[in-house]
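What follows is a set of notes on a single structure, which appears directly below.
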Amino acid sequence: MYILLNPGPVNLSKRVRKALLKPDLCHREIEFTELQNNIRQKLLEVYSLNPVDWAAILLTGSGTSAMEAMLTSVVPDDGKVLVVENGVYGERLSKIAGIYNIDYLNLHYRWGDEILPDELDKALTDEITHVAVIHHETTTGRLNNLADISSICKSRNIPVLVDGVSSFAAEEIIFNDWNVIACAATANKCLHGVPGASFVICKREALGLNKQRSLYLDLDTYLQQQDGGGTPFTQSIQCFYALEEALDEHYEQGGWKARNEMYWNRMDRVREGFDSIGINALLEKKDCSSVLNSFYLPGKTDYSTLHDELKKRGFVIYAGQGDLSRSIFRISLMGEINDDAIQGLISSMAEII
Ligand SMILES: *Cc1c(COP(=O)(O)O)cnc(C)c1O
């Protein structure tokens, strides 16, 4: 089996894999209702959110389905959203807004650049009703400064939509303080579940304010039915089993803070190990997430050689996107990865270059 150093799907723990083998279920039976209720409650508990004001809404689909559901369900008909872009995923939010004819403006930065609070402040003209931003921009590994961004939004009473797909369950998200009204995320990144289930953590009051834009991705429809114990469409039962198990494991291991420490523990060793053989990180540690860091390709080695040689040794690394594919590669350290694997990665890298 390969050690996956891509930003999800991740190597599963034994107990999560075993959960996939639980009994077959019909999604119109009480056993499914219990499973769904448990997951929804446990998702809110990750950041201690109150179920009176907040709801976890479960979808069958990858992280992008949660982004699309969030944007199309939360921005009102007469709203206008400022999309902050500094990577592929921010640009994806704008694409979604464009496809659905949601009124939007973008505040654009080059991939990897810092979002400047002053510029955000200027971009927030009176017509802007919502801000949408990526928390951890997986394109580069930059952890966007959500605290600064949201304090500006909060001072103007503008709600924030967050793509937390690659940060939820491993980075700090202060929902109430940060004026967050919705956060899209997935089962198969920092939560260590399997791909196929995603979700939006949403303020209840944020839904039902627009004409329905999508049949399949309308969060209000899901909310009504999930609150009643049902589901509008067939859900991916086995993925749900795995997600519940992964949530239990996450909780037992100490929650998001412990996961953040565990990732940094791994990443610090990789950064130091790579540094000692002349492989430099793209961004300073203070600007990075714990989840994924980018590194410059070493001198004479191109990406495909590096990838193939590492794969022969059991490691799957991840390419840069777009123009960055020629200059960087990415390492993510989510999932079941032991100390030997980290050491093995560093020594394999030394051998190859
Ligand atoms: C992985 C990721 C997504 C979703 O990608 P899918 O391939 O649809 O799962 C969205 N946003 C960010 C920041 C991501 O890292």
Side-chain angles (χ1 to χ4, degrees), residues 4-12 57-72 74 81 83-97 99 106 109 111-113 115 131-146 149 160-173 180 182-201 214 216-217 236 239 242-243 246 256 259-260 263 267 282-283 287-294 316-322 324 328-335:
L4 300 181
L5 305 173
N6 50 291
V10 304
N11 288 116
L12 301 178
I57 303 170
L58 289 169
L59 303 167
T60 285
S62 78
T64 305
S65 70
M67 295 168 78
E68 194 159 331
M70 174 174 76
L71 209 57
T72 57
V74 171
V81 58
V83 180
V84 189
E85 309 171 343
N86 61 346
V88 169
Y89 296 100
E91 292 175 14
R92 185 173 294 178
L93 282 172
S94 294
K95 244 186 222 167
I96 294 168
I99 288 169
N106 52 4
Y109 290 94
W111 294 0
D113 281 2
I115 299 165
V131 164
V133 64
I134 310 298
H135 187 200
H136 166 215
E137 211 1 304
T138 322
T139 312
T140 54
R142 178 178 283 280
L143 189 66
N144 283 324
N145 46 348
L146 253 174
I149 293 166
V160 184
L161 278 56
V162 175
D163 171 337
V165 178
S166 61
S167 58
F168 187 93
E171 296 289 348
E172 181 168 61
I173 307 175
V180 174
C183 175
T186 187
N188 65 291
K189 293 195 185 185
C190 310
L191 279 171
H192 299 181
V194 305
S198 64
F199 55 92
V200 180
I201 306 289
S214 160
Y216 194 71
L217 294 173
S236 50
C239 299
L243 177 54
W256 73 261
R259 190 139 296 181
N260 183 270
Y263 289 168
M267 194 60 85
L282 176 73
L283 300 173
D287 295 327
C288 293
S289 77
S290 64
V291 178
L292 173 143
N293 283 192
S294 295
V316 172
I317 60 167
Y318 212 51
Q321 285 154 298
L324 286 177
I328 68 163
F329 66 99
R330 293 178 288 171
I331 297 282
S332 175
L333 299 167
M334 292 179 277

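As the structure lists them, so they are numbered: ligands from 1, and atoms in each ligand from 1. What you see is a predicted model; the values in this text were computed from it and never measured. FYI, side chains are in, hydrogens and waters are out, and symmetry mates aren't considered; it's all heavy atoms of this structure.
Between the side chain of Arg142 and the main chain of Asp287, no donor-acceptor pair closer than 3.5 Å is present. The backbone N or O of Val165 sits nowhere less than 3.5 Å from a side-chain atom of Thr186 that would complete a donor-acceptor pair. At least one donor-acceptor pair closer than 3.5 Å links the side chain of Ser198 to the backbone N or O of Gly61.
When only modelled atom types and interatomic distance are considered, Ser214 and Thr72 share no side-chain donor-acceptor pair under 3.5 Å. No side-chain donor-acceptor contact under 3.5 Å links Trp111 and Glu137.
Ligand 1 places these atoms under 4.0 Å from at least one heavy atom of Gly63: 4 (C), 6 (P), 8 (O), 9 (O). Close approach of ligand 1 to His136 (heavy-atom distance below 4.0 Å) involves ligand atoms 13 (C). Here is the list of ligand 1 atoms found below 4.0 Å of a heavy atom in Ser166: 13 (C), 15 (O). Close approach of ligand 1 to Asp163 (heavy-atom distance below 4.0 Å) involves ligand atoms 10 (C), 11 (N), 12 (C), 13 (C). Those atoms of ligand 1 that come under 4.0 Å of a heavy atom in Thr64, given as number and element, are 4 (C), 5 (O), 6 (P), 8 (O).
For ligand 1, the polar-atom distance check against Lys189 finds a nitrogen or oxygen pair separated by under 3.5 Å.
Here His135 has no heavy atoms under 4.0 Å from ligand 1, in either its backbone or its side chain. When non-hydrogen atoms are compared, ligand 1 lies under 4.0 Å from the side chain of Ile134 (C-beta onward) but not from its backbone.
For atom 7 (O) of ligand 1, the nearest protein heavy atom (residue, atom name, distance) is Ser62 OG, 4.1 Å.
Among all heavy-atom pairs drawn from Ser94 and Asn106, the shortest one is OG-CB, 4.0 Å.
Closest heavy-atom approach to atom 13 (C) of ligand 1 among the candidates Thr138, Val88, Asn6: Thr138.
By the 30° and 60° cut-offs, the orientation of the rings of His192 relative to Tyr263 is tilted.
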